[in-house]
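The structure appears right after this line, and notes come after that.
Numbering of ligands and ligand atoms starts at 1, following listing order.
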Amino acid sequence: MPERLNLIAPDDWHVHLRDNAMLTRVVGRTARLFQRAIVMPNLRPPVTTVKAAEGYRNRILDAVPSGLSFTPLMTAYLTDGSDPDELERGFTTGVFTAAKLYPANATTNSAAGVTDLSRIDSVLSAMQRIGMPLLIHGEVTDSDVDIFDREATFIDCHLIPLRERYPDLKIVLEHITTSQAVDYVGSADRNLAATITPHHLHINRNAMFAGGLRSDFYCLPVAKREQHRLALRRAATSGDCRFFLGTDSAPHSREAKETACGCAGIFNAPHALESYALAFEQEGAIDRLEGFASLHGPAFYGLPVNQTRVCLAKVDQLVPELIDGLVPFHAGEILPWTMISSS
Ligand code: DOR
Ligand code: ZN
């Protein structure tokens, strides 16, 4: 009998499920591994209203393969014109779990994002008052700032002042990629947490240039130097409840990745849990995977811990080169863990 890892069912606190045909292609991959997921709102057009979020939630539920129980947790896309009353209505009626801040033009479908934080003061005040979490894509967009410094610069220039202005606002710094983010989140006494992706635990920036230009490893924020990957591994496996699982699985068609101006995003949903398990095992911290994957997120969001369990077995699996026409993270590699059941 191979070694087994029995875990409280995990949640994905940051995922892109897209819409229409792509939604149908990918949603089962997330729903198979995760009980709930925070669904990003960067559709075209973005999900800015309660009505749009309700419609999107229904389309997600309709696309979940039968037999899987999965709860999408919806987010509102903040714009310069976001209406605090609309956000409050969405949050208090349980449609919105959180709101997502994309600095305008920071990443995929973020053109309608926020151009200046001062423009959403009334929104942030309302969110602070009602306890609605703010999820942040933490990068500055100034092209004069080196792309590898954009997260650290965001923390210094925007996040620190923002937290001074709104000390009671609950914030998740999403998909952190730097030791500066690890240190800053780790030093916060309350109301601040961070998600960490599987790919940022496994690759550093060399992956994008190994033997040629490798668009399948291009995502935003971009992977950084090795010292940062190691800092992320230490944070994820530390047992510190401020760090939790968020895959940032972001599928793009092959044509959209392999072009002169390829899209940012790594499709890691199919083997996300096995990928995290490998990283935790490599760090000698497999016993801390359950906290990171299943306990810290619900604690931050004030949601119940899942009642069901999943089981991973120490069984090799070869990750296919293509899954449903998309290149998955770890394509062509053998992962030493395999998800065998959920109950
Ligand atoms: O790599 C990324 N892809 N980063 C993001 O912030 C957005 C995402 C997407 O939607 O494709
Ligand atoms: Zn994302």
Side-chain angles (χ1 to χ4, degrees), residues 11-23 25-27 29-30 34 37-48 56 60 72-78 97-114 133-141 147-148 150-151 154 171-178 181 193-205 207-208 214-224 232 244-259 261-269 272 275 297 326-329:
D11 305 297
D12 184 349
W13 299 99
H14 183 133
V15 71
H16 299 267
L17 295 179
R18 313 301 192 207
D19 209 347
N20 305 314
M22 185 65 97
L23 168 65
R25 248 155 115 183
V26 303
V27 67
R29 299 290 169 178
T30 291
F34 298 106
I38 288 273
V39 181
M40 289 297 130
N42 61 333
L43 304 182
R44 254 186 302 188
V47 180
T48 54
Y56 185 30
I60 294 169
L73 302 173
M74 310 311 290
T75 56
Y77 180 114
L78 296 179
T97 298
K100 178 73 188 279
L101 168 67
Y102 287 105
N105 302 314
T107 186
T108 310
N109 296 344
S110 62
V114 174
L134 175 69
L135 317 183
I136 299 184
H137 183 110
E139 288 191 287
V140 294
T141 54
I147 192 164
F148 294 101
R150 288 182 192 171
E151 182 174 280
F154 183 90
I171 295 175
V172 183
L173 188 57
E174 298 291 340
H175 42 53
I176 59 170
T177 58
T178 58
T195 52
I196 301 179
T197 75
H199 42 280
H200 290 114
L201 293 177
H202 284 289
I203 62 168
N204 63 31
R205 62 190 192 174
M208 286 182 290
R214 308 281 297 272
S215 61
D216 291 321
F217 296 113
Y218 171 55
C219 62
L220 286 169
V222 284
K224 308 294 193 298
L232 295 170
F244 48 82
L245 186 158
T247 64
D248 199 18
S249 182
H252 290 279
S253 69
R254 226 157 149 50
E255 303 74 60
K257 290 292 287 178
E258 295 179 2
T259 170
C261 189
C263 292
I266 294 180
F267 177 51
N268 61 31
S275 179
L326 301 165
V327 179
F329 185 49

Query - Which of the ligand 1 atoms, numbered from 1, are nearer than 4.0 Å to a heavy atom of His137 - result: 6 (O)
Query raised in the report: Looking at atom 3 (N) of ligand 1, what's its closest protein heavy atom, distance included?
Result: Ala264 O, 3.0 Å
Query raised in the report: If you measure from each non-hydrogen atom of Ile266 to ligand 1, which part falls under 4.0 Å: side chain, backbone, both or neither?
Result: neither
Report task. Report yes if Leu220 has an N/O atom closer than 3.5 Å to an N/O atom of ligand 1; otherwise report no. Result -> yes
Query raised in the report: Mind checking whether Tyr218 has an N or O less than 3.5 Å away from an N or O of ligand 1?
Result: no
Query raised in the report: Is the ring centre of His14 less than 6.0 Å from the ring centre of His16?
Result: yes
Query - the Zn ion (ligand 2): angle it makes with NE2 (His14) and NE2 (His16), nearest 10 degrees - result: 110°
Report task. Tell me which part of His252 gets within contact of ligand 1: side chain, backbone, both or neither, using heavy atoms under 4.0 Å. Result -> side chain
Report summary line: Taking every heavy atom of Ile136 against every heavy atom of Lys100, the minimum-distance pair comes out as C-CE, 4.2 Å
**Report entry** Ala250 neighbourhood, listing ligand 1 atoms whose heavy-atom distance to it stays under 4.0 Å
**Finding:** 3 (N), 8 (C), 9 (C), 11 (O)
Query raised in the report: So is Tyr102 polar-close to ligand 1, meaning N/O to N/O under 3.5 Å?
Result: no
Query - His137 and Thr107: side chain donor to acceptor below 3.5 Å - result: no
Query raised in the report: Considering only heavy atoms, does Glu174 approach ligand 1 within less than 4.0 Å through its side chain, its backbone, both, or neither?
Result: neither
Query - Shortest-distance N, O or S atom of Asp248 relative to the Zn ion (ligand 2) - result: OD1
Report task. Answer with yes or no whether Glu139 contacts ligand 1, where contact means a heavy atom under 4.0 Å from a ligand atom. Result -> no
Report task. From the options Asp248, Ile203, Val327, select the one residue that forms a side chain to side chain contact (heavy atoms under 4.5 Å, CB included) with Ile266. Result -> Ile203
Query raised in the report: What atoms in ligand 1 come closer than 4.0 Å to a heavy atom of Cys219?
Result: 1 (O)
Requested in this report: Please work out which of the three classes, parallel, tilted or perpendicular, describes the rings of Phe329 and His202, given edges at 30° and 60°.
Outcome: tilted
Query raised in the report: Do the non-hydrogen side-chain atoms of Phe34 and Val15 ever get within less than 4.5 Å of each other?
Result: no
